Number of protein chains: 2
Amino acid sequence: MVVSVREVAARAGVSVGTVSNVLNRPDHVRPETVDRVRAAIEALGYVPNAAARQLRAGRSQSLALLVLDVGNPFFTDVARGAEARAADEGLTVLLANSDESPERQASHLDVFERQRVGGVLISPVDGDYSRLEELRKHGIPVVLVDRGADQARFASVSVDDVAGGALAARHLLDQGRRRLAFVGGPLRIGQVADRFQGASAAVADHGGATIQLFGTDEMSLDEGRRVGEALRVLVRETGIDGVVAANDLLAIGIERALLFGPDPVRVPDEVALVGYDDISFAASAVVPITSVRQPRELIGATAVELLLEEASRPADAAPRHVVYEPELVVRASSTSAGG
Amino acid sequence: MVVSVREVAARAGVSVGTVSNVLNRPDHVRPETVDRVRAAIEALGYVPNAAARQLRAGRSQSLALLVLDVGNPFFTDVARGAEARAADEGLTVLLANSDESPERQASHLDVFERQRVGGVLISPVDGDYSRLEELRKHGIPVVLVDRGADQARFASVSVDDVAGGALAARHLLDQGRRRLAFVGGPLRIGQVADRFQGASAAVADHGGATIQLFGTDEMSLDEGRRVGEALRVLVRETGIDGVVAANDLLAIGIERALLFGPDPVRVPDEVALVGYDDISFAASAVVPITSVRQPRELIGATAVELLLEEASRPADAAPRHVVYEPELVVRASSTSAGG
DNA sequence: ACGCCATCGTGAAACGATTCACACGCTTGC
DNA sequence: GCAAGCGTGTGAATCGTTTCACGATGGCGT
């Protein structure tokens, strides 16, 4: 049996319009009528049909959040923040995963447009923003997450990765380290390039310090381990005394390789280590790892905020860009007793 | 400007019915007409309105997957499997997170019902299944994920946790270990209770072996560490020589505490260790951890499969239950040279 | 007693796609 | 020569909700 407003109205002895009013503006309806209608709803187990409401409204009550990797704690925390903020507005967040695949991204965007979602928060796969332009032309606001200034056309929320890289490097320099290594890649990933650039700038500001880039194909534990093995040898040969890793997975892998190979290298005594992201595993590594933290939930919440703004932004006003500052969380991996 | 079938029809010089046919059964329409309509769609940038279609159809093209923790790799892999299988059917998966909160679970279920999703895959928070009964009564099929036999009323897909616990314990017994510890909790979580039960049964089958339960409030790295500290002392006092952890986070924390405290305990020489879930960090722990693996993506795919079955199941047929067998992945943490 | 306002409610017209009974024009077969 | 059948296409009805112009009712001041 299908229950619609019609049945409810009949049972409560009112018109369908009144049922709708009870649902959406109960204060326009006499209290006893409200009660009667509510009772009928209860008795019949009526559940409003979102599709019908949406059809009438022209827009759904949902936002979409499309991320590069649901498995990454960074994005799940962003999602948490976005959901919380959206809930305040009575909105739901559809969480979707592109897995870094342009095809999956495109297909998700298609679905979202057909759904007429209220807006799209996206951490885009690559440099083709034309589909996003299209969405916006069709009236669906778009906010870029974790990818910012390069795309002035879209509102965005991101973290200053240049500053983050500088923070990491400067911290090592402050600890008296002079020969740094930066581990990360590929450099075409904007975040990685920015972090490296920031670290390089900090080193350049400091007479007598150097930084050397160790590229990686991906930013995983295994790659970290691989680079760590190489570093274990090089440290003694080249005098490297500080390492900045482009993320915590790399840092954890590096630390492990340094500590546990043959002829191990002590952390932080011989080499100080800084990671990036502050994932929970960083704090509970063998030697807890100093890391650069990003305000993840805040990013999500802000993205929703910007989306709401976008929805009512006059065409001639420029989209807004929010850039947060990263924060250094200092732990044992970078603070030698002497330093 | 809003583009609907009407505009497309006008531009192509056909009726709206024909546009719909071009979209849904192109073979019922003359090829040249199809082309004309397709051209009009292209030119106008028409995107079908899912809400309207759904309203007519009475049911959406989406399934919902509600998990306890999107941050947990187990569930993201299940989601991946479900999405892939759903895509084969032209369905979309809505991924949502209850974060173990009954309130969030309930609110998500409300949204799903209003959306008239095609079905709900759920890893439920707790023992109250009445809301799920209700959903089903309203025509929305439900499949339980990772929670099985106790709920014969619902179709389910799960992994045999009793067998998994037994697998872990038996492996330790095979390695010659006799005084085991089981770390995990709270026991009201079905999976934990089952794993403990399985491990206990394996021990009971083996004369001269014992197993001792160490309860935890949650299954995190930190809790693992805490228990590990305690074990480091107890091992020497009580002769514990094998540990089964109810998940890998606990196992990693335990290993760390054993290896790195004052008066460290060697793994696996003094204590052999087995975890559960086989998350990626298990393989790259300091001493790689033996773990019980579950077929995660297969679980997701099977859940979708069962959902499709449910949708067409005669009322008098019993719901189906699929139980997969876990698999032991042996690594260094449990295989002493002498074992 | 009368008009006037509020207060409450009504009911029909959207929203955009799908579906289905039907129509039109042609070929076939008897 | 005519019914039957096929291939194409039409257009109105339908899904369930919201909205809005418009009644109905009753209380108030004059």
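Predicted, not measured: the structure shown is a model, and the values here were computed from it. Residue numbers start from 1 in every chain, and the chains themselves are labelled A, B, ... in the order their sequence lines are given, proteins ahead of strands.
- Look at CG on A/N49: it is 13 Å from C1' on C/dC15, rounded to the nearest Å.
- For B/R59 and C/dT18, the CZ to C1' distance is 17 Å, given to the nearest whole Å.
- Backbone-only contact: A/S4 has heavy atoms under 4.0 Å from sugar-phosphate atoms and none from a base.
- Residues B/A40 and B/A12 come closest through the heavy atom pair CB-CB, 4.0 Å.
- Between A/E134 and A/R131 there is a salt bridge, with a side-chain nitrogen of the basic residue lying less than 4.0 Å from a carboxylate oxygen of the acidic one.
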Salt bridge (Lys or Arg N to Asp or Glu O under 4.0 Å) between B/R85 and B/E297, intermediate numbers included: CA-CA 10 Å; B/R85 185 66 186 81; B/E297 304 208 359; over 6 Å; no
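- Applying a 4.0 Å cut-off to non-hydrogen atoms, the residues of residues 19-34 of chain B that approach DNA chain C are B/S20, B/N24, B/R25, listed by residue number.
- Residues B/R38 and B/P26 have side chains in contact (heavy-atom distance under 4.5 Å, counting atoms from C-beta outward).
- Going from atom CG of B/L55 over to atom C1' of D/dA13 covers 13 Å, rounded to whole Å.
- Of the residues listed (B/D146, B/L144, B/V67), the one engaging B/I122 in a side-chain contact (heavy atoms from CB on, under 4.5 Å) is B/L144, and it is the only one.
- One can find a donor-acceptor pair under 3.5 Å joining the base of D/dT18 and the side-chain atoms of A/R56.
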Expected rows: protein N/O vs nucleotides 25-27 of chain D N/O, under 3.5 Å:
none

Step-by-step side-chain contact (heavy atoms from CB on, under 4.5 Å) determination, B/R114 to A/Q61: CA-CA 11 Å; B/R114 279 201 282 270; A/Q61 297 294 106; over 6 Å; no
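- In this entry the distance linking CD of A/Q61 with P of C/dC15 reads 19 Å, nearest Å.
- Comparing A/Y46 and B/V16 against DNA chain D, the residue whose closest nucleotide sits nearer the 5' end is B/V16.
- Among the nucleotides D/dT10, C/dT10, D/dT17, the one closest to the side chain of B/V14 is D/dT10.
- Within 4.0 Å of B/G17, counting heavy atoms only, lies at least one base atom of the nucleic acid.
- Look at CD on B/Q54: it is 13 Å from C1' on D/dT17, rounded to the nearest Å.
- Between A/Y46 and A/V5, the closest side-chain pair of non-hydrogen atoms falls below 4.5 Å.
- Distance, B/Q115 CD to D/dT17 C1': 14 Å, rounded to whole Å.
- Here A/R53 reaches the OP1 or OP2 of D/dT18: one of its side-chain N or O atoms lies under 4.0 Å away.
- Within the structure, every side-chain polar atom (N or O) of A/S15 is placed at least 4.0 Å from both OP1 and OP2 of C/dG11.
- Closest heavy-atom contact between A/E7 and A/S4: OE1-N, 2.6 Å.
- As rounded to whole Å, 13 Å separates atom C1' of D/dT17 from atom CD1 of A/I41.
- Residues A/V117 and A/L63 fail the side-chain proximity criterion, which asks for heavy atoms closer than 4.5 Å.
- Here the side chain of A/R6 is nearest to one of D/dT10, C/dT18, D/dG16, namely D/dG16.
- B/F112 places none of its side-chain heavy atoms less than 4.5 Å from the side chain of B/I140.
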